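In this text, all values refer to a predicted model and were calculated from it rather than measured experimentally.
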Amino acid sequence: MANRSGGLPLLMLIFITWRDSMRCCAVTADPPEDLAILDPGLLGRLEITWSPPSSLMSITKCLLQYQLEYFNTYKNRWETLRMPGRTYSAQFDLSKEVQVRVSTILNGECTNNTVIKSKEYTEVVQKPPSKGIWDTEAKEFMCVYHNMENLECTWTRSLKTPASSLQNLYFWHKSLEQAVECPSYILSDGVRTGCNFTGKPLPEFTDIYFCVNGSSSEGPLKQAFFSMQIQNQVKASAPEKLYLQTSSDRQLEFYWTNPAGRLHVHCLEWEVRHHHVGADGKIYLNHIHTKTPSLTLLFSDSSEIHCFQVRSRLNSYCVDKSFWSDWSHETCHPVLENVKATLEPELNFVSVYIYIAVSIIVTLVVLLSVWATINMRRAGLEKKVDSLVPKLLTKHFTQGVSKIYSGKKIWTDVII
């Protein structure tokens, strides 16, 4: 009897749970309707809109939300987010497929506070435009933010781009109402190969979108789209002032300064190229990375030669990536005029060996050619002499063999 009374609450709990689940399952969520993608002409910044499912227009006491999924063509991955609104803006590479999906999500009293997601979703797949001559889009697009002061973007033409083509660059970011054309084109032999943004600063830590398109007498060129943040494209100037000094405890102190500009020292890192000629005459090459603009080395012999070059770039604490600067000029201890010639990298010796080998091969080829020419001439002369001797003998013999007088043959010359 006690066991029966103890099982009754459990049965009631199961019944209530079943009743609530049945009530919950009585409400279903259909996917959104009228999903559309609009292009306002902002180089791939598209507006995504949709409408709530008509089956849920009269529903009350429930929160209606949406789950938006779209394929980020710049990051090559799906992005997912939930929102109560019915519009969203996202950036796409218009030279690739645009894929968008939207689902419905219900939660509240109408679902007994259970989150319900529509089993299906509404999807739109938009193909890239087919206009444009195939394989004529800009190649090798790259931007360099020189010393965080001047931005230059360059590209190369496709081999299939018609010679009469004119390429254009447009850019856009969130602070602009519409796309803007390049302020100053870079020309190479009269052909546009880049854009200089001097006097037209672009915002840092902001996604900037570029489009290179064009036209030709044969038709429009294929468009190419690119995205970047310019603080990740910085190329620092090479360090200019290098200092070398020695101390009484045989330490060689090397330090330097970067050119004045917007680059902060705490954001820089350096690489030092150290050439060392030992007392035995052997050459050593080391590359040393450092977080500070100085380096201290020990040297054991005053006859040793030490030469240094340094370059810099922004470190990963300040930006995601950056370019190395060019190498600085070289400074040496002791200061010798012939150090530079003495301390060329080992690769120069390989070049010398290659030059010597090529010179020997060329010399051998010339000698063989001369030898072959002499042999050919000698062989030709011998043949000529061999052909002339019988002719001369025959002529001489014919003229001197006989004279005929009155029908008689008289021998006047005898050739033995």
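Remark: Glu269 does not engage Arg311 in a salt bridge, criterion side-chain N to carboxylate O under 4.0 Å.
Between Val100 and Tyr88 the shortest side-chain heavy-atom distance does not fall below 4.5 Å. Under the 4.5 Å side-chain criterion, counting only non-hydrogen atoms from C-beta, Ser328 is not in contact with Trp256. Residues Ile208 and Ile230 meet the side-chain proximity criterion, which asks for heavy atoms closer than 4.5 Å. Two residues are said to be in side-chain contact when any heavy atoms from C-beta on lie closer than 4.5 Å; Phe141 and Lys139 fail this criterion. Between Trp155 and Met142 the shortest side-chain heavy-atom distance does not fall below 4.5 Å. No side-chain heavy atom of Val144 sits less than 4.5 Å from a side-chain heavy atom of Leu151. Looking only at side-chain heavy atoms (C-beta outward), Glu330 and His275 come within less than 4.5 Å of each other.
Between Thr136 atom OG1 and Leu221 atom CG the span is 4.5 Å, to the nearest 0.5 Å. For the atom pair CE of Met148 and NE2 of His146, the computed distance is 14.0 Å after rounding to the nearest 0.5 Å. Between Leu285 atom CG and Cys307 atom SG the span is 11.5 Å, to the nearest 0.5 Å. With rounding to the nearest 0.5 Å, the separation of NE2 in His266 from NZ in Lys291 is 13.0 Å. Distance check, rounded to the nearest 0.5 Å: CG of Asn113 to OG1 of Thr111 gives 6.0 Å. Atom-to-atom distance recorded for Phe226:CZ and Phe171:CZ is 15.5 Å, nearest 0.5 angstrom.
Looking at residues two or more places apart in sequence or on another chain, you find no disulfide (SG to SG under 2.5 Å) involving Cys211. Not counting sequence neighbours, the partners of Asn147 by the side chain to side chain contact (heavy atoms under 4.5 Å, CB included) test are Glu149, Ala236, Ser237, Leu263. In this structure, the side chain to side chain contact (heavy atoms under 4.5 Å, CB included) partners of Leu63, at least two apart in sequence or on a different chain, are Gln65. In this structure His287 satisfies the side-chain hydrogen bond (donor to acceptor under 3.5 Å, both in side chains) test together with Glu271, sequence neighbours excluded. Listed by chain and number, the residues in a side chain to side chain contact (heavy atoms under 4.5 Å, CB included) with Glu181 are Asn168, Tyr170, Tyr185, Arg192 (sequence neighbours excluded). For Thr296, the side chain to side chain contact (heavy atoms under 4.5 Å, CB included) partners are Gln251, Glu253, not counting sequence neighbours. Partners of His333 according to the side-chain hydrogen bond (donor to acceptor under 3.5 Å, both in side chains) rule, which considers only residues two or more places apart in sequence or in another chain, do not exist here.
Within 6.0 Å of atom CD in Gln178, 12 or fewer heavy atoms from other residues, nucleotides or ligands are found, so the atom counts as exposed in its surroundings. By the neighbour-count criterion of 12 heavy atoms within 6.0 Å, atom NZ of Lys119 is sparsely surrounded, having that number or fewer from other residues, nucleotides or ligands. Within 6.0 Å of the CD atom in Glu120, the count of heavy atoms belonging to other residues, nucleotides or ligands does not exceed 12.
Evaluation of the disulfide (SG to SG under 2.5 Å) test over residues 230-296, restricted to residues two or more places apart or in two chains, returns Cys267-Cys318. Residue pairs that meet the disulfide (SG to SG under 2.5 Å) test with at least one member in residues 119-155, sequence neighbours left out, are Cys143-Cys153. The side chain to side chain donor-acceptor pair (under 3.5 Å) analysis of residues 215-228, with sequence neighbours excluded, yields the pairs Ser164-Ser217. Contacts classified as disulfide (SG to SG under 2.5 Å) and involving residues 171-201 (residues at least two apart or in different chains) are given here: Cys182-Cys195.
In summary, the aromatic rings of Tyr74 and Tyr209 are positioned with their centroids under 6.0 Å apart. Between Phe71 and Phe92, the gap from one ring centroid to the other reaches at least 6.0 Å.
In summary, the side chains of Ser184 and Asn196 do not present any donor paired with an acceptor at a separation below 3.5 Å, with no hydrogens or angles considered. Under 3.5 Å, the side chains of Asn213 and Gln167 contain no donor-acceptor pair of N or O atoms. Under the 3.5 Å distance criterion, with hydrogens and angles disregarded, no donor-acceptor pair is assigned to the side chains of Tyr145 and Glu152. A donor-acceptor pair shorter than 3.5 Å can be found between the side chains of Asp30 and Ser55.
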- [ ] Evaluate side-chain contact (heavy atoms from CB on, under 4.5 Å) for Val125 paired with Val98, printing each intermediate quantity in order.
- [x] CA-CA 6 Å; Val125 178; Val98 176; over 6 Å; no

- [ ] May I have the step-by-step check of side-chain contact (heavy atoms from CB on, under 4.5 Å) for Trp78 and Arg101, ending in yes or no?
- [x] CA-CA 10 Å; Trp78 282 93; Arg101 303 170 182 169; 3.7 Å; yes

Open item on the list: Checking Gln309 against His329 for the side-chain contact (heavy atoms from CB on, under 4.5 Å) test, could you report, in this order, the C-alpha distance in whole Å, the side-chain angles of both residues, the deciding distance, and whether it holds?
Closed with: CA-CA 6 Å; Gln309 288 178 287; His329 66 274; over 6 Å; no

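The minimum heavy-atom distance linking Leu106 with Ala29 is given by the pair CD1-CB, 4.0 Å. A pairwise comparison of heavy atoms in Tyr121 and Ser103 identifies CB-OG, 3.3 Å as the closest pair. Taking all atoms of both residues into account, the shortest heavy-atom contact from Thr87 to Trp50 is N-CH2, 4.0 Å. Closest approach of Glu137 and Ala224 over heavy atoms only: CB-CB, 4.0 Å. In this structure, Tyr255 and Ser294 approach most closely via the heavy-atom pair CB-CB, 3.9 Å. Of all non-hydrogen atoms in His274 and Phe308, the two that sit nearest each other are CD2-CE2, 3.4 Å.
Below 30°, between 30° and 60°, or above 60°: for Phe197 and Phe210 the angle between ring planes is above 60°, a perpendicular geometry.
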Show me the side-chain donor-acceptor pairs of residues 35-48 shorter than 3.5 Å, one per line, residues at least two apart or across chains.
residue	atom	partner	partner atom	Å
Asp39	OD1	Gly41	N	2.9
Glu47	OE1	Ser89	OG	2.8
Glu47	OE2	Ser89	OG	2.7

